[in-house]
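First comes the structure, then the notes that go with it.
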Protein chains: 2
Amino acid sequence: MSTTRQQIIEKTSELFERQGYHATGLNQIVSESETPRGSLYYYFPEGKEELAAEAVWYKVHHMSAYVRQRLTGYPDAIEAIYQLMMEMADHAEQQHCSAGAPIAAVALETAGSNERLRQTCQAAYAMMQKPFEEKLLAGGFAPDRAEALAITINAVLEGAVILSRTARESQPLRVVAAEIKTLLQCSSPTA
Amino acid sequence: MSTTRQQIIEKTSELFERQGYHATGLNQIVSESETPRGSLYYYFPEGKEELAAEAVWYKVHHMSAYVRQRLTGYPDAIEAIYQLMMEMADHAEQQHCSAGAPIAAVALETAGSNERLRQTCQAAYAMMQKPFEEKLLAGGFAPDRAEALAITINAVLEGAVILSRTARESQPLRVVAAEIKTLLQCSSPTA
DNA sequence: GTCTATACGGTGATAGAC
DNA sequence: GTCTATCACCGTATAGAC
């Protein structure tokens, strides 16, 4: 795998996360990634759509692996998820709540106009849901409960990141972390 | 208030909801709103930014009024909120999950580049939070609990709408409705 | 693999007539 | 209030040389 190609993908996913799909031009991607101008259509012959799909895919692999790894830090599922969410709030605060929701940024702009990217984002969300579902299963939750709770965690995280970005405040992320903890506790099979 | 001006605002908010900010051009707004071409800069001399702020503002007034009205339908706060969320899922399904998250669409694309629109979206989210907070307060929840839960509802709704749009499936909305009901029940002061 | 030049359409915005 | 003409700029994409 060439470094150039990977550099383009990483910069694209970074720019999508900060600016969204339509606001990110191919020119900006090339110039900020400090990549040869001629390489873009060499590595991504189908143009922006192909590049965007790869960028989303790359980002979600990275994020879901991070989540899965972090969730192993605490044996208890509820505590692990709570600590992860608080850690995300710390992360957001460090970068002044300027980023987050990389899938949503692409999904909202393209779901209605580009079927390929819509499907990519759909698969991305499914992938983000899995680590939570697995951890809850391992924690003794019934399969249907684990799935419903993982969907809820996925949704509330996405929403809270957007609220935090908009308000430039990590508070929404911290609030929902505590509420999800409560929900998990009163849904716990051992409760 | 002229009809032309209002038509432009309504069509703009509709297009933002479906396509986002950058994908929606002034030309499209004029042509689809069937409005005189020359009127746009007459009513909105500051251009797209001013129009966008008004469109977000209009939409959020409309939505928060709808939510507040619907929450009066059931005396019990928990049941009222649950029914409202399920109603939103029905709505989404009727339009094939093609819309929703009108604030998020603008917020994600502009929060990092346009301070005015960022603040508008921030105020919009605050406005969306209020009806839930009020209903919970009236239902006997302590002020700080009502606020935290309203923030969570706001976040989970925004996230679930995005998940539903992306998957073309109302299931995420229905799932989070049930989970929020559980959370409210086990947070209830009368429980 | 990379470069440059270029095509073509669309963007937000302005000026000046009516 | 509205229209038209026009602006400069930007977007993605392609062709052909090296």
Side-chain angles (χ1 to χ4, degrees), chain A residues 1-56 105-106 108-118 120, chain B residues 1-56 105-106 108-118 120:
Chain A
M1 246 195 286
S2 85
T3 299
T4 297
R5 187 184 146 93
Q6 189 57 23
Q7 267 180 280
I8 295 174
I9 290 175
E10 288 178 27
K11 180 54 74 174
T12 301
S13 88
E14 179 196 324
L15 290 173
F16 279 179
E17 183 168 354
R18 293 207 321 255
Q19 310 174 337
Y21 180 84
H22 284 103
T24 301
L26 265 18
N27 288 339
Q28 191 186 10
I29 292 170
V30 166
S31 73
E32 287 199 30
S33 66
E34 286 169 338
T35 262
R37 298 194 90 77
S39 298
L40 215 162
Y41 280 91
Y42 175 79
Y43 289 112
F44 307 94
E46 292 165 67
K48 191 179 185 178
E49 178 184 321
E50 182 183 6
L51 171 55
E54 297 259 24
V56 169
V106 177
L108 277 174
E109 290 187 64
T110 65
S113 59
N114 188 314
E115 180 61 12
R116 175 183 185 175
L117 291 179
R118 200 212 104 233
T120 302
Chain B
M1 247 196 283
S2 85
T3 298
T4 297
R5 187 185 145 94
Q6 189 58 22
Q7 268 179 280
I8 295 175
I9 290 175
E10 289 179 26
K11 180 55 75 175
T12 300
S13 88
E14 178 196 324
L15 290 173
F16 280 180
E17 185 168 354
R18 293 209 319 257
Q19 310 174 337
Y21 180 84
H22 284 103
T24 302
L26 264 20
N27 288 339
Q28 190 185 12
I29 292 170
V30 166
S31 72
E32 287 199 29
S33 66
E34 287 170 336
T35 264
R37 298 193 91 78
S39 299
L40 215 163
Y41 280 92
Y42 173 79
Y43 289 113
F44 308 95
E46 292 166 66
K48 191 178 185 180
E49 178 185 322
E50 182 185 4
L51 171 54
E54 297 259 25
V56 169
V106 177
L108 277 174
E109 289 187 64
T110 65
S113 59
N114 187 315
E115 180 60 12
R116 176 182 184 176
L117 291 179
R118 201 213 102 232
T120 302

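Please read these numbers as outputs of a predicted model, since none were measured by experiment. The figures that follow rest on heavy atoms only: side chains count, while hydrogens, waters and symmetry mates do not. So you know, we letter chains A, B, ... as the sequences are listed, proteins then strands, and number each from 1.
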Checklist line | Of the listed nucleotides D:dT14, C:dG12, C:dT2, the one nearest the side chain of A:Tyr41 | finding: D:dT14

Check: Quick one: A:Glu49 CD to D:dG11 P, roughly how many Å, whole number?
Finding: 19 Å

Next item on the list: Check whether any side-chain nitrogen or oxygen of A:Ser39 sits under 4.0 Å from OP1 or OP2 of C:dT2, and answer yes or no.
Entry: yes

Check: Looking for any heavy atom pair under 4.0 Å, which part of the strands does A:Tyr43 touch: base, sugar-phosphate only, or nothing?
Finding: sugar-phosphate

Check: Please give, in whole Å, the distance from C:dG1 C1' to A:Gln7 CD?
Finding: 15 Å

Notebook entry, point to check: A:Arg37 CZ to D:dA15 P: how many Å, rounded?
Noted result: 19 Å

Check: Roughly, in whole Å, what's the span from NE2 in B:His22 to C1' in C:dG10?
Finding: 14 Å

Note to self: Any non-hydrogen side-chain atom of B:Arg116 less than 4.5 Å from a side-chain atom of B:Glu50?
What the structure shows: yes

Check: Is the number of heavy atoms from other residues, nucleotides or ligands within 6.0 Å of CD (B:Glu115) greater than 12?
Finding: yes

Next item on the list: Measure from the side-chain heavy atoms of B:Asn27 and tell me the nearest of D:dA13, C:dT11, C:dA13.
Entry: C:dT11

Next item on the list: Would you mind telling me which of C:dG1, D:dT12, C:dA13 lies closest to the side-chain atoms of A:Tyr42?
Entry: C:dG1

Check: Tell me: CD of B:Glu50 to P of C:dA13, nearest whole Å?
Finding: 11 Å

Margin query: Any non-hydrogen side-chain atom of B:Gln28 less than 4.5 Å from a side-chain atom of B:Lys11?
Written below: no

Check: Whole Å only: how far is the CD1 atom of B:Ile8 from the C1' atom of D:dG1?
Finding: 11 Å

Check: Just checking, any donor-acceptor pair under 3.5 angstrom between side chains of A:Gln19 and A:Thr24?
Finding: yes

Notebook entry, point to check: Contact class for B:Thr24 vs. all strands (heavy atom < 4.0 Å): base, sugar-phosphate, or nothing?
Noted result: sugar-phosphate

Margin query: Rounded to whole Å, how long is the line connecting atom NZ of B:Lys48 with atom C1' of D:dC10?
Written below: 13 Å

Next item on the list: Kindly indicate whether a cation-pi arrangement holds for A:Lys48 with A:Tyr21, taking the cut-offs as under 6.0 Å to the six-membered ring centre and within 45° of the axis.
Entry: yes

Next item on the list: Please state how far atom CG in A:Asn114 lies from atom C1' in D:dT12, giving the value in whole angstrom units.
Entry: 14 Å

